[in-house]
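A short worksheet on the structure shown next.
We name chains A, B, ... by the order of the sequence lines, and we start the count at 1 in each one.
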Protein chains: 2
Amino acid sequence: MSTEKTAATPNGADAALSDYTLDGQIGFLLRCAYQRASGNLLRRIADHGLTPAQFSVMARLYERGSMSQNRLGRLVGMEPANIRDVVQRLKRRSLLETRSAPDDARRLVVDFSEQGRSLVARLIPLEIESSAQTLASLNPEEQQTLLQLLGRLVETDDR
Amino acid sequence: MSTEKTAATPNGADAALSDYTLDGQIGFLLRCAYQRASGNLLRRIADHGLTPAQFSVMARLYERGSMSQNRLGRLVGMEPANIRDVVQRLKRRSLLETRSAPDDARRLVVDFSEQGRSLVARLIPLEIESSAQTLASLNPEEQQTLLQLLGRLVETDDR
DNA sequence: CCCATATCGTTATGATCATAACGATATGGG
DNA sequence: CCCATATCGTTATGATCATAACGATATGGG
């Protein structure tokens, strides 16, 4: 006989409704924490006209250099439809440029404009500040631990 | 004289471009981790017609009982405009009901329908499963540490 | 009592997400 | 060589977010 799902024994072997708390769920905590981190960054870069998502695209391009739109999306965790729109908006603001790849007609190569490269270089220190603010309630050791654990959670994500 | 921002000394006192990595930024990690957690939950509840955000609203209501739409939003980290739309969709699917508060004409009291309460009770075990999957790459002690550190990051958020 | 101030819910706008479906192009194995 | 299969980018759809602006209602101090 299988264990009952509705019984809600105080600490049953199959975790049941009794010991459930929304605030203890990793997904809910991650959403709240991301909201906070995102807000901290946005406050600093909004007047430069960028969002956190847009910034992550610019930062990845700054780190890795010019690459295809699709690959850029994978490296920042955006679906093709999503990275497309973000690149589009950054193009409209003359921060990025695109050209079709000479060796593969399917690919769209994304690169900085002069302004784009200059802007992201000026914004990176603001992100570093923002990260420090987000982590401010933890001591340095705890900060390292958190970053390391999150890194392992995400490990097999991108490249 | 102030330290230069563009110099990029290998490990300058003011963290500069040289030691910046997108993958080391708390905000970026949180976004990727949330994406993963959200996907794990969505896969389990999508065929019941709910999203992770909708589920969090239902779960909070299940924990705390009937309350005003605005307060419900605060307790799940949603702005008034946002919680409004989510409640609207759940109402349209007859999972929630609303009535105006007898003692305060501004307030809209949100409560379950029979179906709604029954559905969330059936879905909570799926979220517990989903949380376990999200945390699967960490050992139990590390899982506790992560939850505790995230909790402190978010501490002064709701309620 | 009255009114400045706060709270609640709504509307509008624009960006971010996931998903499904699609055409165009590459590629590799037979 | 050819064709099944994969990859790339696009379009469309619907949900989730933050923000600004607004009317309606409560509230508390003078």
Atom CZ of R99(B) and atom C1' of dG9(C): how far apart are they, to the nearest Å? 17 Å

Spell out, yes or no, whether V87(B) and V109(B) are grouped together once hydrophobic residues are joined by side-chain heavy atoms under 4.5 Å, including indirect joins. no

How many whole angstroms separate atom OH of Y34(A) from atom P of dA18(D)? 10 Å

Taking CG from L72(B) and P from dC8(C), how many angstroms apart are they, rounded to a whole number? 13 Å

Taking NZ, NE, NH1 and NH2 as the nitrogens, is one of them in K91(B) or E97(B) under 4.0 Å from a carboxylate oxygen of the other? no

Carefully, step by step, assess L42(B) and L50(B) under the rule side-chain contact (heavy atoms from CB on, under 4.5 Å). CA-CA 8 Å; L42(B) 186 60; L50(B) 286 193; over 6 Å; no

More 5' along DNA chain C: T51(A) or P80(A), using each one's nearest nucleotide? T51(A)

Report the distance from atom NE2 of H48(B) to atom C1' of dA15(D), rounded to the nearest whole Å. 19 Å

Among dC8(D), dT11(C), dC8(C), which is the nearest nucleotide to the side chain of N70(A)? dC8(D)

Counting side-chain heavy atoms from CB outward, which of dA18(D), dC17(C), dA20(C) is closest to M78(A)? dC17(C)

With hydrophobic residues grouped by side-chain heavy-atom distances under 4.5 Å, do F112(A) and L108(A) end up in a single group? no

Using the side-chain heavy atoms of Q35(A), tell me which of these nucleotides is nearest: dT11(C), dT19(D), dC17(D). dC17(D)

Reckon R31(B) touches a base, only the sugar-phosphate, or nothing at all at heavy-atom distances under 4.0 Å? sugar-phosphate

Nearest whole Å is fine: how far is dC8(C) P from D103(B) CG? 12 Å

May I ask you to say whether R84(A) pairs ionically with E79(A), meaning some side-chain N is under 4.0 Å from a carboxylate O? no

Rounded off to whole Å, could you give me the CZ-to-C1' distance for the R93(A) and dA15(C) pair? 12 Å

Would E142(B) and R152(A) pass as an ion pair if we require N to O under 4.0 Å? yes

Residue mapping more 5' on DNA chain D - nearest nucleotide basis, L42(A) or R107(A): R107(A)

L149(A) side, atom CG; L149(B) side, atom CG - distance, nearest 0.5 Å: 7.0 Å

Considering only side-chain heavy atoms of N82(A), which listed nucleotide, dA12(C), dC17(C), dA26(C), is closest? dC17(C)

Starting at atom CG of D85(B), determine the distance to atom C1' of dA18(D), rounded to an integer number of angstrom. 12 Å

May I ask you to say what Q69(B) touches in the nucleic acid, namely base, sugar-phosphate or nothing, with a heavy-atom cut-off under 4.0 Å? sugar-phosphate

Can you measure K91(B) atom NZ to dT10(C) atom P for me and round it to whole angstrom units? 8 Å

Toward the 5' end of DNA chain C, which comes first, R43(B) or V86(A), by nearest nucleotide? V86(A)

Does the side chain of R84(B) get closer than 4.0 angstrom to OP1 or OP2 of dG9(C) through an N or O atom? no

Could you write out DNA chain C as dot-bracket? Rules: Watson-Crick or G-U wobble, both distances under 3.5 Å, brackets [ ] for crossings, | for pairs with another strand, dot for unpaired. ||||||||||||||||||||||||||||||

Any side-chain N or O of R74(B) under 4.0 Å from OP1/OP2 of dC8(C)? yes

Flag the pair R60(B) and E63(B) as a salt bridge only when some basic side-chain nitrogen lies within less than 4.0 angstrom of an acidic carboxylate oxygen. yes

Can you figure out which of dT11(C), dA6(C), dC17(D) approaches the side chain of R106(B) most closely? dA6(C)

